[in-house]
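Computed from a predicted model, the values in this text were never measured in an experiment. Counting starts at 1 for both ligands and their atoms, following the listed order.
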Amino acid sequence: MTNIAFIGGGNMASCIIGGMLANGFTAQQIRVSDPGEQARDNIQATHGIVATGDNHSAVADADIVILAVKPQVMGPVVSDLASSLNSSCAVVSIAAGIQISDLQNWLGDSQAIVRAMPNTPAMVRQGATGLFANPLITSQHKESIQAIFNAVGIACWVDQESQIDAVTAVSGSGPAYFFLVMEVMQKVAEELGLSAQTAQQLTIQTALGAAQMASSGSLSTAELRQQVTSPGGTTHAAIESFKAGGIENTFREAMSAALNRAEEMSKEFSS
Ligand SMILES: NC(=O)c1ccc[n+]([C@@H]2O[C@H](COP(=O)([O-])OP(=O)(O)OC[C@H]3O[C@@H](n4cnc5c(N)ncnc54)[C@H](OP(=O)(O)O)[C@@H]3O)[C@@H](O)[C@H]2O)c1
């Protein structure tokens with residue numbers, strides 16, 4: 001049985017634990033540590049797991065340790081934990097901007113480490129997580145870590161750590177891009193005369209339906225778009241207007257801005 005310890009029992013830890021318990025992991029496999037009484041009470045009330053305030057005891061028999069604290073406190077938390085870690089365990093950081101080299105500085109060069117970038121739809125088990133491993137990660141570690149993040153959506157491994165910044169620009173920040181598009185569609189739908197409720201219902205269901213069609217995988221997104229775009233029709237008129245407005249460049253610039261900010265943040269947190 002793989003034992004998994006969470007350091008930090010806040011929002012992200014709680015949502016991953018919820019997904020794990022719904023997907024075959026057991027409460028006996030999971031340990032949680034958090035200094036806050038309220039966070040510990042919340043973990044117990046939500047998941048039936050008694051959390052501790054002692055990080056060292058939480059990791060004592062852990063095969064996988066998930067660091068789910070804010071990036072700002074990661075250095076002191078990890079440095080303090082280093083001596084208690086089992087040498088064969090894998091350490092997974094979900095903190096934005098914390099690099100493998102920082103974790104190695106705090107944990108030493110012989111620790112297996114994974115950097116993960118989950119996103120907020122993990123809260124509804126529709127998350128998308130990017131994962132990067134250092135060379136010390138075993139295939140068994142990888143399998144267990146993949147199963148943990150699959151419990152809250154899908155997870156993809158990337159080959160280079162720099163690609164985690166690209167993951168941040170695509171799926172980390174991506175939910176907000178779709179929220180923005182939906183927000184604008186709702187606003188314009190109201191301007192076109194629909195009630196706020198109808199505008200909201202139609203927009204959300206359209207986003208959901210389009211995402212489900214795209215995720216069925218039978219056709220590419222370009223093919224799906226072409227399929228509903230008859231020459232001279234209404235959708236064609238809208239798509240041509242988007243293109244004339246420079247939609248591709250707007251997204252390229254926005255996602256490049258997210259990537260640049262992710263790179264800057266990595267430098268800010270770097271020890
Ligand atoms: N939320 C997201 O959508 C998201 C997405 C991707 C990545 N992440 C990453 O996930 C991490 C956690 O985010 P979150 O939203 O779950 O934050 P959160 O709700 O604030 O959870 C962090 C928890 O860690 C606790 N903590 C503080 N110091 C600790 C220590 N020394 N030992 C153990 N626990 C300690 C905090 O307690 P106090 O509140 O008492 O300080 C808090 O309960 C962050 O690094 C973030 O970058 C989050």
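- For atom 12 (C) of ligand 1, the closest non-hydrogen atom of the protein is Ala68 O, 3.4 Å.
- In this structure, of Asn55, Asp34, Asp54, the residue bringing a heavy atom nearest to atom 32 (N) of ligand 1 is Asn55.
- Of all the listed residues (Val32, Ile94, Ile7), Ile94 holds the heavy atom that lies closest to atom 9 (C) of ligand 1.
- Every atom of ligand 1 with a heavy atom of Val77 under 4.0 Å away is listed here by number and element: 30 (C), 31 (N).
- Leu131 and Met20 fall within a single hydrophobic cluster, where Ile, Leu, Val, Met, Phe, Trp and Tyr are joined by side-chain heavy atoms under 4.5 Å apart, directly or via other members.
- Closer than 4.0 Å to atom 41 (O) of ligand 1 lies none of the heavy atoms of the protein.
- Contact record, Val92 with Ala116: CG1-CB, 4.0 Å, taken as the closest heavy-atom pair.
- Less than 4.0 angstrom separates some heavy atom of Pro71 from each of these atoms of ligand 1: 44 (C), 45 (O), 47 (O).
- At the shortest separation from atom 5 (C) of ligand 1 among protein heavy atoms lies Pro118 O, 3.8 Å.
- In this structure the side chain of Val59 never reaches within 4.5 angstrom of the side chain of Asn86, judged on heavy atoms.
- The side-chain heavy atoms of Ile64 and Ile148, taken from C-beta on, include a pair separated by under 4.5 Å.
- Scanning the protein heavy atoms around atom 21 (O) of ligand 1, the nearest turns out to be Gly10 CA, 3.2 Å.
- Ranking protein heavy atoms by distance to atom 47 (O) of ligand 1, first place goes to Ala96 N, 3.2 Å.
- Residue Ala95 touches ligand 1 through backbone and side chain together, judged by heavy-atom distances below 4.0 Å.
- Residue Glu268 qualifies as enclosed at atom CD: its count of foreign heavy atoms under 6.0 Å is above 12.
- Here the closest non-hydrogen pair linking Ala13 and Gly8 is CB-O, 3.2 Å.
- Residue, atom and distance of the protein heavy atom nearest to atom 45 (O) of ligand 1 are Val69 O, 2.6 Å.
- Checked against a 3.5 angstrom limit, the closest N/O atoms of Thr120 and ligand 1 fall outside it.
- The protein does not reach atom 38 (P) of ligand 1 closely, with no heavy atom under 4.0 angstrom from it.
- In this structure, atom 34 (N) of ligand 1 lies nearest to the protein heavy atom Pro35 CD, 3.2 Å.
- Every atom of ligand 1 is numbered from 1 in the order shown, and the set under 4.0 Å from a heavy atom of Ser33 is 33 (C), 34 (N).
- When the shell of 6.0 Å around CE of Met123 is examined, it contains more than 12 heavy atoms from other residues, nucleotides or ligands.
- Here the closest heavy-atom approach between residue Lys142 and residue Ala133 is recorded as CE-CB, 4.4 Å.
- With salt bridges taken as basic N to acidic carboxylate O contacts below 4.0 Å, none links Lys187 and Glu191.
- When hydrogens are left out, the protein atom nearest atom 19 (O) of ligand 1 is Asn11 N, 2.9 Å; that is the closest non-hydrogen contact.
- Taken together through direct or relayed side-chain contacts under 4.5 Å among Ile, Leu, Val, Met, Phe, Trp and Tyr, Leu21 and Phe149 form part of one hydrophobic cluster.
- Scanning Met12, Lys70, Glu37 for the heavy atom closest to atom 17 (O) of ligand 1 points to Lys70.
- In this structure, Gln197 places its CD atom where only 12 or fewer heavy-atom neighbours from other residues, nucleotides or ligands lie under 6.0 Å away.
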